[in-house]
Amino acid sequence: MVGVAPAGQTSPALTADHVIACIRTAVAAHTGAIKEVEVTLKRRQWLCEVEIVDDMGQSYELQVDVATYQVVKTERD
């Protein structure tokens, strides 16, 4: 999941620290329990997709840009 760039890509590899920072960013934006974390490379941009379930049972997916640690998209499932 982390640590290597996909074959043919020249983007730098991610570390566990990058992913942890993304999770912290997502939880700061929307509190709840972490259900799933997925790292993707889209158009040369690393994104962490963090799925959070709040106290009411609502599920949210937040995309965090690894370069800026900003939430760039939030979806309610």
Visitor: Is I20 isolated, or which residues cluster with it under the ILVMFWY side-chain rule of less than 4.5 Å, directly or via members?
Guide: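 I20 shares its hydrophobic cluster with no other residue.
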Visitor: If two hydrophobic side chains count as joined below 4.5 Å and joins carry through other members, does V64 share a cluster with V19?
Guide: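 Hydrophobic grouping puts V64 with V19.
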Visitor: State whether the side chain of H30 and the backbone N or O of V27 hold a donor-acceptor pair below 3.5 Å, judged by distance alone.
Guide: no
Visitor: Please name the pair of heavy atoms, one in V39 and one in C48, separated by the smallest distance, quoted to 0.1 Å.
Guide: CG2-SG, 4.0 Å
Visitor: Between side-chain atoms of residues 51-59 and protein atoms elsewhere (two or more places apart, or another chain), which donor-acceptor pairs fall under 3.5 Å?
Guide:
| unit_1 | atom_1 | unit_2 | atom_2 | d |
| --- | --- | --- | --- | --- |
| E51 | OE2 | S59 | OG | 2.9 |
| D54 | OD1 | M56 | N | 3.0 |
| D54 | OD1 | G57 | N | 3.1 |
| D54 | OD1 | Q58 | N | 2.9 |
| Q58 | OE1 | R76 | NE | 2.8 |
| Q58 | OE1 | R76 | NH2 | 3.0 |

Visitor: Before accepting this row, confirm whether a basic side-chain N of the pair E49/K42 lies closer than 4.0 Å to the acidic partner's carboxylate O.
Guide: yes
Visitor: Between L14 and W46, is a side-chain contact (heavy atoms from CB on, under 4.5 Å) present by the stated rule, with each step listed?
Guide: CA-CA 8 Å; L14 296 181; W46 285 108; 3.5 Å; yes
Visitor: Rounded to the nearest 0.5 Å, what separation is found between the OG1 atom of T40 and the CD atom of E38?
Guide: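 Rounded to the nearest 0.5 Å, the OG1-CD separation comes to 6.0 Å.
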Visitor: State yes or no: do I34 and L47 share one hydrophobic cluster built from I, L, V, M, F, W and Y residues joined by side-chain heavy-atom distances below 4.5 Å, directly or via other members?
Guide: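 In one cluster: no.
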Visitor: If you look at every heavy atom in A26 and L62, which pair is closest and at what distance?
Guide: O-CD2, 3.9 Å
Visitor: Show every donor-acceptor pair shorter than 3.5 Å between a side-chain atom in residues 66-73 and any protein atom, with sequence neighbours excluded, or say none if there are none.
Guide:
| unit_1 | atom_1 | unit_2 | atom_2 | d |
| --- | --- | --- | --- | --- |
| T68 | OG1 | Q70 | N | 3.4 |
| K73 | NZ | E75 | OE2 | 2.9 |

